[in-house]
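What follows is a short report on a single structure.
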Amino acid sequence: MAAHSRPVRSIGQTVNDDWKELVSVNTYAPILVLGALGAGFAIFSVVMATLVGPKRYNRAKLEAYECGIEPTPTPAGGGRFPIKYYLTAMLFIVFDIEIVFLYPWAVTFDSLGIFGLVEMLLFVLTVFVAYAYVWRRGGLEWD
């Protein structure tokens with residue numbers, strides 16, 4: 001008596017199972033091809049720029065590029081940034097987080113009902129209170 005490792009199936013069932021396995025592999029094939037093309041293009045670009053690009057180095061090319069402004073020496077510990085820079089960054093973060101919460105809320109608005117509407121109105125009101133505070137304190141004015 002021969003012991004089978006798997007139950008005996010009909011030919012149609014085996015073909016169907018093989019087809020399901022093939023389809024599940026083909027589902028990820030476009031993603032893998034796109035990733036390979038992207039990686040290949042990146043590697044090709046770097047290699048070709050190294051091989052074909054000019055190799056004339058001078059002092060000006062080795063300096064840091066600062067939008068055409070002559071670079072000024074900075075102190076050893078680094079320079080100080082104005083507080084307006086940090087306020088702008090914090091405002092960006094606040095409004096970015098607001099959008100992160102608003103988008104999923106808009107997608108599920110119908111299922112949330114009046115509770116979701118009230119909660120989002122409270123959230124937006126809180127964000128606008130912070131915005132009004134910064135505006136009132138002059139955080140949006142550039143001198």
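What's counted below: heavy atoms across the whole structure, side chains too, no hydrogens, waters or symmetry copies.
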Approximate separation, where rounding is to 0.5 Å, of [X] [atom1] and [Y] [atom2]:
{"X": "Phe115", "Y": "Met120", "atom1": "CZ", "atom2": "CE", "result": "10.5 Å"}
{"X": "Leu125", "Y": "Leu121", "atom1": "CG", "atom2": "CG", "result": "8.5 Å"}
{"X": "Leu122", "Y": "Leu117", "atom1": "CG", "atom2": "CG", "result": "9.5 Å"}

Val134: what forms a side chain to side chain contact (heavy atoms under 4.5 Å, CB included) with it, not counting sequence neighbours?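 Val134: side chain to side chain contact (heavy atoms under 4.5 Å, CB included) contacts with Leu91, Leu140.
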Which residues satisfy the side chain to side chain contact (heavy atoms under 4.5 Å, CB included) test with Thr108, sequence neighbours excluded?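 Thr108 satisfies side chain to side chain contact (heavy atoms under 4.5 Å, CB included) with Ser111, Leu112 once adjacent residues are dropped.
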Is the Trp105 to Phe109 ring centre distance short of 6.0 Å?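 Yes, the ring centres sit under 6.0 Å apart.
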Glu98: which of Asp96, Leu102, Val100 passes side-chain contact (heavy atoms from CB on, under 4.5 Å):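 The side-chain contact (heavy atoms from CB on, under 4.5 Å) with Glu98 is passed solely by Leu102 among Asp96, Leu102, Val100.
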Hydrophobic cluster membership, with links at side-chain heavy-atom distances under 4.5 Å among I/L/V/M/F/W/Y: are [X] and [Y] in one?
{"X": "Val129", "Y": "Val118", "value": "no"}
{"X": "Leu32", "Y": "Ile43", "value": "no"}
{"X": "Val127", "Y": "Ile99", "value": "yes"}
{"X": "Val94", "Y": "Trp135", "value": "yes"}
{"X": "Leu51", "Y": "Phe41", "value": "no"}

A side-chain contact here means heavy atoms from C-beta on lying under 4.5 Å apart; do Glu119 and Phe123 qualify?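 No, too far: nothing below the 4.5 Å cut-off.
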Between Tyr131 and Phe95, does a side chain to side chain contact (heavy atoms under 4.5 Å, CB included) hold up when you go through it step by step? CA-CA 9 Å; Tyr131 176 70; Phe95 286 106; 3.5 Å; yes
